[in-house]
Amino acid sequence: MTLEPRELPKAYIPAEFEAGIYERWLAADVFAPDGAGSTANPNAEPFVIIQPPPNITGALHLGHALTSTLEDTMVRRARMQGRPTLWLPGLDHASIAAQYVLDRILAAEGESRESLGRERYLERMWQFITETREVMLRQQRRIGASLDWSRLRFTMDEGSARAVREAFTRLHREGLAYRTEALVNWCPGCRTSVSDLEVIPTPETGTLWTIRYHLVDEATGEPDPDATIAVATTRPETILGDTGVAVRPDDERYRGLVGRTVRIPFVERDVPIIADDVVDRSFGTGAVKVTPAHDQTDYETGKRHGLPMITVLADDASINEAGDGYVGLDRYDARTRILADLEARGDLVEARPHEMLIGRCQRSNDVIEPRLKTQWFIRTEPLAAKALEATRDGRTRIVPSRFEKVWEHWMTNIRDWNVSRQLWWGHRIPAWYCPDGHVTVSAESVGPAACETCGRPASELTQDPDIFDTWFSSGLWPFSTLGWPDDTEDLRRYYPGSVMETGYDIIFFWVARMMMLGSHFMGEEPFHKVYLHGLVKDPYGQRMSKTKGNVVDPLEAISTAGADALRFALVNGTSPGSDQKFRTEKLEDGRNFANKLWNASRFVLGARPATIAAAAERQAPDPAAMGVAERWIASRAAAAVEAVDRAFEDDNYGEATRVLYEAIWSEFCDWGLEVAKTRLSDGGLSDRERRATWWTLVDALDTFLRLLHPVMPFVTEALWGALPHRSDDPSLLITARWPAAGPREAATEAAVAVIIELIRGVRNARAEGGIAASAWLRVDVLVPSELVETFESLRPAIERLARARPLLRHVDREAILATAAGGLAVVSGGIEAIVAAADAGVTEGERQRLERELGDAERQLVAARSRLADSAFMERAPARIVEGARTREAELTERVERLQESLAR
RNA sequence: GGGCGGUUAGCUCAGCUGGUUAGAGCGCCUCGCUUACACCGAGGAAGUCGGGGGUUCGAGUCCCUCACCGCCCACCA
């Protein structure tokens, strides 16, 4: 598909033009670092970007679109810079999230986990993800993600499975994986333990009950009806598991009671009163009941004091056999009953509302119950130490750097990682137990041949029914996808990665795990840079969520405005790590920008001088035939290259789009093309000059298309295809070379800036003077000698853009004042102009404008003079600044004089 | 209870290591179908840079402090 100028419609229609482009990239095989169409220098340092594999079950939301856009932008620029680029696509099996989704589907069908059983449930899961999988992959293609599809990986495929088994086996051998009974976060809805990160502290108004425990009479061994100790609790049902009461050692109120015994009601258990510093004497009664099996703090306290740990909750959060009299009751029903029973005994002292944080399951929103379970844990301290070393040494840099503090804090206070999940969808823990309780961990897919302790045959061993936390396999991603544990070519070439890009919300879930496991197993950190993007919020700053109904579907955005528009919208006006509010207006900005570029290109293509063949090979503009306008366009394009490069180096993509928007729209289109129009239609110019003008435009446009391609790949690819190419250009922009900044011409840029200001001034004057913008007016000018050449060179453009005809240049001020009395005065950088007004004389609007300008100038002049008069400033400010102040003062003096002259007429 | 971020034009955001007159887009107002574009062009209005101190010749930019908003971490039952 080659677009000829006459084929280009007036408006860019994304739906029409984006279609087919992705397929062309695919057909050209340019996504893979070693693809057939790659133009990379094989010796250049590879650019490897690591993306979080999206969950296989969910439709992609704007956050995914943002991730894909940023990563694609980075990859495309690196590719154009000639580096072999690896961006490996993948999907995560997301065990708990996937099961949650499937369970709900099953529930609607009247089925459940239990009714299907493990095997059929998993079959059903595979069937389900086969359907969602294609949808997910298609969405990434729609947004233009140039992923190396030949390497698509899934965290449940055999490569990952093998890496998981191997990693766990090694950790076990090294003593970094251990099995123990410990307090875990239990979700009664999901029927599994979850990590600390998956427990969401949720504010809630609960009740704080004060209850009385009776002291046991040391003589009789029976509870004393009158001697009591009051404790406060928000969870009365845990009374059934109480094995102690704690007070502060220095609390004189209870000093005499420490060492005494109280009788726990209902279960009729005698437990000690202990002293411990954890107790806050100002909270509640200053005495706290201790339930070691159902509370994190109490667990620690219980361990310190050797208290028994009595589990009273079953997996479904009902009361178990230990809860005498309440067995089988749901935890909240039990709470109600217990409160009633306490009241009946007269031991319920007080109940009052209490603001508290309650831990809820990130997935199901159920209230989490801490409880004891025997599970597998990863010792994180030595792993975290290696990860920290990488960030502290700067081998891995976090962008933006403020997240380094958060990282440090979390990594230095990290707790051991519970990796067991009582779920089915995921990697089964490769641990086998023999009837004698020996543990055998094996990396073999078929499991161990025998118990490695006692030699019992495999047939007598049973595998752990649990699976791994999803993030265990995700944590291996940077190397498991490259062939680990084998020592592969890929691993040597593409590990460690260059950049890991993701949202700051999964820094601990995922980034931390990759850093720990990568550093440990590979002996080297998995990536050199962590780029964290912010969250995409709705226009009111609210988090987007399906339940709130404020989500924007990326596919819908693409079909209305185009993938380029969506990408632009997501990148423009953002900065690393900062959240953004997404509004449809941003989408329109992107669409309009694509359209602007489209039409500018249409103009350039259509303005080709007849002496250049349609299929002409690209030529550099003839330097000898270039005028001021051409040199200005080239210099500004070079400035754009510099600025865009700087923005990319700074990881500031929002800045890159801002620069390009400004350079393309406000400079190239508004001035470059407008000035070029007069050149191209000027019969007085030589063909050689017109050709130079056109080739200059082509050069600039080509540069802009290349610079913009990483962010807006579709429209730039479509347009670039219609542009003349050099013989050594590839056929597709995606593999074309990233532009090198050409030479800048500071003097030309400065001179043209004055001319632009002059034209603006004339337009402004006539608008304020109430003269139609379309009317041609005589303009008399006085031009300082150093600007005469530029002025004359741009005369036709000035005439056209300022609607100035005749445009008379005078050599002395007397002449201009004499001939142009009564016109509108304009002052720009040393150029003085008088615009002949239809009804001569200084009109009221004109006077107001001049007075305003004079007022501004005078105010600034006063400021400049006082600065120069300030000895402190003159002594201490650097010479450069003082010099600037002098120049400024001189300019302002001249400007004030001229404005006064104009007003005096 | 710690920590981080934000507070700049009506809205969304830029303002790098302090340096002359604080910018952009959208929106708003006034013109305009000028042979790329009305998804457009020309012009314009609009900001005591959250408050208060301080450092400095000079502060939106650095320091202190307060306020409000948001987020993260944390064993007040």
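Labels below follow one simple rule: chain letters A, B, ... track the order of the sequence lines, proteins then strands, and each chain is numbered from 1. Since this is a predicted model, take the numbers as computed values, not measurements.
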| Between A:H354 and A:F283, is the gap from one ring center to the other below 6.0 Å? | yes
| query | Within the structure, does a side-chain N or O atom of A:H354 lie under 4.0 Å from either OP1 or OP2 of B:rA77? | reply | yes
| field | Interatomic distance at P, B:rA42 relative to B:rU35, whole Å | value | 15 Å
| Distance test, side-chain N/O of A:R766 to OP1/OP2 of B:rG43, below 4.0 Å | no
| request: Could you check if a side-chain atom of A:W209 sits within less than 4.5 angstrom of a side-chain atom of A:E350, using non-hydrogen atoms only? | output: no
| task | Both distances under 3.5 Å, Watson-Crick or G-U wobble: report the partner of B:rC76, or none. | result | none
| field | Salt bridge A:E369-A:R235, side-chain N to carboxylate O under 4.0 Å | value | yes
| field | Phosphate-side-chain proximity, A:K596 and B:rC37, N/O vs OP1/OP2 below 4.0 Å | value | no
| query | Between B:rC37 atom C1' and A:N592 atom CG, what is the distance in whole Å? | reply | 10 Å
| request: Describe the nucleic acid contact of A:P878 in one word from base, sugar-phosphate, nothing, applying a heavy-atom distance below 4.0 Å. | output: base
| request: Rounded to whole angstrom, note down the P distance from B:rG5 over to B:rC63. | output: 11 Å
| query | Taking C-beta and beyond as the side chain, do A:L861 and A:E889 meet within less than 4.5 Å on heavy atoms? | reply | yes
| query | Between A:R281 (CZ) and B:rC75 (P), how many Å, whole number? | reply | 24 Å
| query | Salt-bridged, A:R304 to A:D276, with N to O below 4.0 Å? | reply | yes
| request: Check whether any side-chain nitrogen or oxygen of A:W665 sits under 4.0 Å from OP1 or OP2 of B:rG41, and answer yes or no. | output: yes
| task | Go through the N and O atoms of the side chain of A:E662 and the base of B:rA14, and report whether any donor-acceptor pair is under 3.5 Å. | result | no
| field | 5'-most by nearest nucleotide on RNA chain B - A:R415 or A:Y12 | value | A:Y12
| Within the structure shown, what part of the strands sits under 4.0 Å from A:E674 by heavy-atom distance: base, sugar-phosphate, or nothing? | base
| field | Along RNA chain B (nearest heavy atom to each residue), the more 5'-positioned of A:F603 and A:Y504 | value | A:F603
| request: Taking only the side-chain nitrogens and oxygens of A:R608, find out if one of them lies under 4.0 Å from OP1 or OP2 of B:rA36. | output: no
| message | Less than 4.0 angstrom between a side-chain N/O of A:K677 and OP1 or OP2 of B:rA36, yes or no? | response | yes
| NA contact type, A:G884, heavy-atom cut-off 4.0 Å: base, sugar-phosphate, or nothing? | base
| query | Just to confirm, is there a sub-4.0 Å distance from OP1 or OP2 of B:rU12 to any side-chain nitrogen or oxygen of A:R583? | reply | no
| field | Rounded distance in Å - CH2 (A:W598) to P (B:rC37) | value | 14 Å
| field | ring pair (Phe, Tyr, Trp, His ring centres under 6.0 Å) between A:F17 and A:W598, intermediate numbers included | value | CA-CA 11 Å; A:F17 292 103; A:W598 179 262; 4.6 Å; yes
| task | To the nearest Å, give me how far apart CG (A:N572) and P (B:rG25) are. | result | 11 Å
| query | Within this structure, what is the CZ-to-P distance between A:F568 and B:rC26, rounded to whole angstrom? | reply | 10 Å
| request: Would you sort out whether A:Y661 and A:W665 count as a ring pair (Phe, Tyr, Trp, His ring centres under 6.0 Å), showing the intermediate values? | output: CA-CA 6 Å; A:Y661 191 94; A:W665 201 313; 5.3 Å; yes
| message | Please determine whether a side-chain nitrogen or oxygen atom of A:S575 lies at a distance below 4.0 Å from atom OP1 or OP2 of B:rA14. | response | yes
| Expressed as a whole number of Å, how far does the C1' atom of B:rC62 sit from that of B:rU56? | 10 Å
| note | A:N599 CG to B:rC39 C1', in whole Å, measures 9 Å
| request: Could you tell me which nucleotide pairs with B:rC68 by Watson-Crick or G-U wobble geometry, both distances under 3.5 Å, or answer none if nothing does? | output: B:rG6
| So what does A:R760 touch, heavy atoms closer than 4.0 Å: a base, only the sugar-phosphate, or nothing? | sugar-phosphate
| request: Please state whether the phosphate of B:rC71, meaning OP1 or OP2, lies under 4.0 angstrom from any side-chain nitrogen or oxygen of A:K537. | output: no
| field | A:N764 vs B:rA42: side-chain N/O to OP1/OP2 distance below 4.0 Å | value | no
| Tell me: CG of A:D670 to P of B:rA24, nearest whole Å? | 13 Å
| field | OP1 or OP2 of B:rC37 under 4.0 Å from side-chain N/O of A:K10 | value | yes
| request: Grab the CG-C1' distance between A:L801 and B:rU35 for me, whole Å please. | output: 15 Å
